[in-house]
Colleague: 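My structure is below; once you've seen it, I'll send some questions.
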Amino acid sequence: MRDTENMEAEAEFEEGEEPSFSDPEDFVDDISDQELLEDILRERPQEADGIDSIIVVDNVPQVGPERIEKLKNVIHKIFSKFGKITNEFYPEDEGKTKGYIFLEYASPAHALEAVKNADGYKLDKQHTFRVNVFTDFDKYMTISDEWEAPEKQPFKDFGNLRHWMEEPDCRDQYSVIFEAGERTGIFSNDVKEPITVEERARWTETYVRWSPKGTYLATFHQRGIALWGGEKFKQIQRFSHQGVQLIDFSPCERYVVTFSPLMDTKDDPQAIIIWDVLTGQKKRGFHCESSAHWPIFKWSHDGKFFARMTQDTLSIYETPSMGLLDKKSLKISGIKDFSWSPGDNIIAFWVPEDKDIPARVTLMQLPSRHEIRVRNLFNVVDCKLHWQKNGDYLCVKVDRTPKGTQGVVTNFEIFRMREKQVPVDVVEMKESIIAFAWEPNGSKFAVLHGESPRINASFYHVKNNGKIELIKMFDKQQANSIFWSPQGQFLVLAGLRSMNGALAFVDTSDCTMMNIAEHYMASDVEWDPTGRYVVTSVSWWSHKVDNAFWLWTFQGRLLQKNNKDRFCQLLWRPRPPTLLSAEQIKLIKKDLKKYSKIFEQKDRLSQSKASKELVDKRRAMMEEYRKYREGAMQMYQEQRPLRLELRGGVDTDELDSNVDDWEEETIEFFINEEIIPLGDLA
Amino acid sequence: MKPILLQGHERSITQIKYNREGDLLFSAAKDTVVNVWYSVNGERLGTYNGHTGAVWCVDVDWDTKSVLTGSADNSCRLWDCETGKQLALLNTSSAVRTCGFDFSGNIIMFSTDKQMGYQCFLNYFDLRDPQQIEDNQPYLSVPCSESKVTSAVWGPLGEFVIAGLENGEINQFSAKSGEVLRKVKEHTKQINDIQTSVDLTMVITASKDNTAKLFDSTSLEHIKSFKTERPVNSAAISPIMDHVVMGGGQEAMEVTTTSTRIGKFEARFFHAAYEEEFGRVKGHFGPINCVAFHPDGKSYSSGGEDGYVRIHYFDPQYFDFELEA
């Protein structure tokens, strides 16, 4: 129909008669502009258009007409950096400008940029600009003059944050980063195989950290830190710190310290920020002048104080005010290193020799600042402070060059903290020290000394009378690191990286090597928090092939080899300190036989269940495979005629199916004969 | 089980193959010579001389009359098996990567590399038509532009070729039309080797993605996976047991930086149904490039980057061994 109409119209046109396009006089448009031109109307200028692009600048110099041009030039120079200024207005009163101006930019983004950068701009001594977006005007107008109590935040329930402690089989959890950081998983440790608790892609951008009591898992992102926890690992807290690289928790888990190399400005210190974990609030920011070792702030064991060392100064801060303790830092000229006792509010620090004044190790009680022990040392090259985990002992490893000699000798100065006046005993070491480690809950320490390949491992015991006894020395060890079980007594000597991952499992109660093993190219050793298991791993971060983590018992029996594609890092989830009293622990130890019976039975049960599961699994797989093969064989038989045809009637289905056609050929070979008299072998 | 060491090549072994009866073992290597050995004692029977580049592939027809080889000298050659005489020379524009006789022995296929501006082709010749050989004109030439063929075998009854590609895909190419009949992608990296079961109903693929997988030849249905922690260069299916053998190891270019101990150059035996590893055979001091079962299933051979072929006869315990189920 349309075609014919068109044709008619064309026909008419050809005849030269101009058709009339005008509406008839009584015509009323039945389409509103709204409908017809919606897209165009939407762009119609509005009264409030551009209001977002206007900024108000306060504290502008008040000038008369003779200098206004100059002012405008200056203003233009400063503010056109952020975008094109499309409009400006300088209100005047009695011939002078009023001291505030309005500028309009081409877009709201420019206005925001101007506010961000020009607010606080110092034009001269008297004039510091205050820049606001014009629309903020409304916002500030509506603020009531009376104080209103802030609204109560609804309580967010994250479930039981210690949920993992209620696991009936007392399994410990660990976090694993793999696929080169693409995936992160939380697993429950089990003798048989890891049980996945949670696994997410791109959970963190770099690595993860557990809080010291295991409550939170911290993940790193370009924009800050996120804390996760509870049964399902929901997000509990976020700390926005652009470019964050390092974090440190206070031992009480109440505060977190983050470090970012970006963002620090002169007026607003935020290289290091201390946050309140519970509220998510920023408590205080700090500059970071020196590239000291992380953690820059060291926490006291209870989280009440934290301290930082700068040139000739030790600054101690207190929580929760985050202010300097007694409002001033300690002047300690030449201070080289300091360390908190893990058991008490005591700081140990040392100062090197200065002309006639000997080097000094000082123990200071806090907050009293009382010096409880000072030890003078001579000819000191370097000192290292090693605290025993309970704070019972402090070992200061002192490298000295005694007068008249060339070489460096090392002394261990052992401070017995629990005794009156803190007696000090000295162990002299003739060889260079590779590693030193205290038994976490005991009075022994282990030392690796010597030069590769002649490395010796020595174990010492600090007796009650102060005598320090060498219990045992193993010579020619392949080791460069010592890893004590968190419960003490057992340890792993490991030759990490360059030493090919040699492992020695030692029981220090009688100093026996329980097992010697190897995890080739191992880069890390991690004890579980109970001291029952050890994990050795080859991280993709240090070595690109064979990335895996292996699980061992504390005796050095290999339980699992877990190959994970581009495995990066495994971290055990720490446990909070035990709630049992010393007596209760003693009682449990006494009745260990009773408990071990129960556990052994449980183990047997799970083991037989496991082997049954394996057998069942195999059976199912075999069944499936057999079914497939039957189908395939049936088809194979059906195709037999086709096969015969293709090979000209020769049956080749079986190796010997055409045995009649075989030609027998006898081949002779010369065979070497070797006569070995048996007597020599024995 | 003391292996028989075949020392006849000066460079790394690229492919080994038994004939149908299993009395002969053919080996191709990066030196230019193809060797044939008595499989029973490892004595060398003869060589096929003529190639001027690394020989990538070798195949023998079902009645052990002709031998087919493909080389990096841009040629595929047909030999008389018994006399070692070159029967045909098929020149190509790029290296010949993989070759094979079909079930009847009448049709051959070979694939060429994507190289020097030439793309990868899968070529089919019918040996019954001498004109095709004379004119070097395949009756069918299939371009594979997406990803090059890295390994290929004939399917049962010679209806199609099962080809493994550089991108991990497996394609069935019809021998009549050249069209892709089926394709699957179970591997994430290059397929280094494909071998059939003795009855041609199954194929096993060996891939750089550290796995070998079992497929049905016709449906290309994925049946089993065998995982290791090193690239797998070759895999074979036992003709008598539910076993597969896999060879591989750290890539040759990385080997110099590590000791043999961690290169994992062992041949590894897996149970075909349970997908579990139950044994390893050490010996090579470089990656294993190819493995093959004797058709009677009582021995197997491996060829390595180290240039040796090793024939292993199984101990009696091997045949009694069973995983509990």
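Below, chain A is the first sequence line, B the second, and so on; all start at residue 1. Computed over heavy atoms, backbone and side chain alike; hydrogens, waters and symmetry mates excluded.
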Colleague: Below 4.5 Å, heavy-atom pairs only: which of A/N563, A/D616, A/L646 has the largest tally toward chain B?
Modeller: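 It is A/L646.
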Colleague: Scan side-chain atoms only and decide if B/S207 and B/K189 contain a donor-acceptor pair under the 3.5 Å cut-off.
Modeller: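 Short answer, no.
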Colleague: Which atoms of B/D296 come close to chain A, meaning under 4.5 Å heavy atom to heavy atom: side chain ones, backbone ones, both, or neither?
Modeller: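 Answer is both: backbone and side chain atoms of B/D296 are under 4.5 Å from chain A.
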Colleague: Where on B/T218 is there a heavy atom nearer than 4.5 Å to chain A: the side chain, the backbone, both, or neither?
Modeller: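 When you check distances to chain A, only side chain atoms of B/T218 fall under 4.5 Å.
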Colleague: For the residue pair A/H543 / A/S523, report whether a side-chain donor-acceptor contact shorter than 3.5 Å exists.
Modeller: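 Their side chains do not contain a donor-acceptor pair, so the 3.5 Å distance test is not met.
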Colleague: Aromatic rings A/F187 and A/F178: how do their planes relate, parallel, tilted or perpendicular, breaks at 30° and 60°?
Modeller: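 Rings of A/F187 and A/F178: tilted, 30 to 60°.
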Colleague: Do the rings of A/F505 and A/W552 sit parallel, tilted or perpendicular, given the 30° and 60° boundaries?
Modeller: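 It falls in the tilted class, 30° to 60°.
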Colleague: Among A/V615, A/L614, A/N547, A/D565, who wins on heavy-atom pairs under 4.5 Å with chain B?
Modeller: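 The option with the most such pairs is A/V615.
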Colleague: Does B/T205 reach the main-chain N or O of B/K213 with its side chain, forming a donor-acceptor pair under 3.5 Å?
Modeller: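 Answer holds: yes.
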Colleague: Checking B/L157 against chain A: side chain, backbone, both or neither under 4.5 Å from a heavy atom?
Modeller: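 Contact with chain A: backbone and side chain both.
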Colleague: Does a salt bridge link B/D63 with B/K65, judged by any charged N lying under 4.0 Å from a carboxylate O?
Modeller: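 Salt bridge flag = yes for B/K65 with B/D63.
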Colleague: Looking at A/R647, A/R619, A/K617, A/R626, which has the largest count of heavy-atom pairs under 4.5 Å with chain B?
Modeller: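 Highest number of pairs under 4.5 Å: A/R647.
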Colleague: So which part of B/L214 gets closer than 4.5 Å to some heavy atom of chain A, the side chain, the backbone, both or neither?
Modeller: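 Side chain of B/L214 only, per the 4.5 Å heavy-atom cut-off to chain A.
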Colleague: Are there residues of residues 603-613 of chain A whose heavy atoms fall under 4.5 Å of chain B's heavy atoms? If so, which?
Modeller: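 Residues of residues 603-613 of chain A touching chain B at under 4.5 Å: none.
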Colleague: Please collect all ring-ring contact (aromatic ring centres under 6.0 Å, His included) contacts where either partner lies in residues 211-232 of chain B, sequence neighbours excluded, each pair once.
Modeller: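 Output for this query lists B/F215-B/H222, B/F226-B/F270.
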Colleague: Where does B/K224 contact chain A at under 4.5 Å (heavy atoms): side chain, backbone, both or neither?
Modeller: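 For B/K224, side-chain heavy atoms alone lie under 4.5 Å from chain A.
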Colleague: Quick check for you: to the nearest 0.5 Å, what is the distance between B/S301 atom OG and B/L6 atom CG?
Modeller: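 If we round to the nearest 0.5 Å, B/S301:OG and B/L6:CG are 7.0 Å apart.
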Colleague: So, B/R280 and B/E277, do they make that salt bridge, N to O below 4.0 Å?
Modeller: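 The answer is yes: the pair qualifies as a salt bridge.
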Colleague: Does any backbone or side-chain atom of B/D242 lie under 4.5 Å from a heavy atom of chain A? Answer side chain, backbone, both or neither.
Modeller: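 Side chain of B/D242 only, per the 4.5 Å heavy-atom cut-off to chain A.
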Colleague: Does any backbone or side-chain atom of A/R629 lie under 4.5 Å from a heavy atom of chain B? Answer side chain, backbone, both or neither.
Modeller: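 The answer is the side chain of A/R629.
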Colleague: Return the orientation label for the B/F314 and B/Y300 ring planes: parallel under 30°, perpendicular over 60°, tilted otherwise.
Modeller: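 It falls in the parallel class, under 30°.
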Colleague: Taking the six-membered ring for Trp, are B/Y139 and B/Y124 parallel (under 30°), tilted (30 to 60°) or perpendicular (over 60°)?
Modeller: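 If you compare the ring of B/Y139 with that of B/Y124, the planes turn out tilted.
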